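Atoms within each ligand, like the ligands themselves, are counted from 1 in listed order. Remember, it's a predicted structure, so these values are computed and weren't measured experimentally. Below, all heavy atoms of this structure are taken into account, side chains as well, without hydrogens, waters or symmetry copies.
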Amino acid sequence: MFSLDQFPLPFARDSLEPYMSEKTIGFHYDKHLGGYINNLNALDAKGATLEEIVKNSDGKIFNNAAQIWNHVFFFAGLKNSGGGVPSEIASAFGDFKAEFKAAAMSVFGSGWAWLVDDGGKISIITTANADTPTRHGMRPLLTLDVWEHAYYLDYQNRRADFIDAFLDHLINWEFVLNNLKR
Ligand code: MN
């Protein structure tokens, strides 16, 4: 059994204002992440850890387990006064922000944009629905949730503005660089 208490938010709920409101965080963490946890607890998942369940499951169990993992990882990559692009990341791209934004905009419907280590190459990818890079042999470094629930309260249909706010103000680069070193 999993519980929301196992995955505390690494920041105060109002600390990402005005780029991500306390109201959005409340719904996203309590209702969406909480919902995936409740759903998974109601299913017969096999595995000692969340990572094992994500690795070895499919169907409803995979969808809910991967959504828990993706959300915990997403929240861990956010901070107030993020922004800038560290040289380790900037040097891997022509224009990191433009390329990440184009990828995040290209997700049709619900999904995620990711910065990953793909066999030693730092790359930007997208996944649909609950899909997650570890299922494709890639190591996640950062993710942006582009499901509509991630931004609708603050930005309505303006996904581009949400992506800009994330890229300019909300990325926890210490988290990304620590992931890169591991
Ligand atoms: Mn979400």
Please find the N/O/S atom of H28 nearest to the Mn ion (ligand 1) and write down its name.
NE2

Checking ring pair (Phe, Tyr, Trp, His ring centres under 6.0 Å) against H71, which of F7, W112, W147 comes through?
W112

Name of the D145 atom (N/O/S only) found closest to the Mn ion (ligand 1)
OD2

Tell me whether the Mn ion (ligand 1) has H32 as a neighbour, meaning an N, O or S atom of it below 2.8 Å.
no

Does R135 qualify as a cation-pi partner of F62, given the criterion of NZ or CZ under 6.0 Å from the six-membered ring centre and within 45 degrees of its axis?
yes

Verify the ring-centre separation between F27 and Y152: is it less than 6.0 angstrom?
no

Treating Y151 as the side-chain partner and D161 as the backbone partner, does any N or O pair qualify as donor plus acceptor under 3.5 Å?
no

Given NE2 of H149 on one side and NE2 of H71 on the other, what angle do they make at the Mn ion (ligand 1), to 10°?
130°

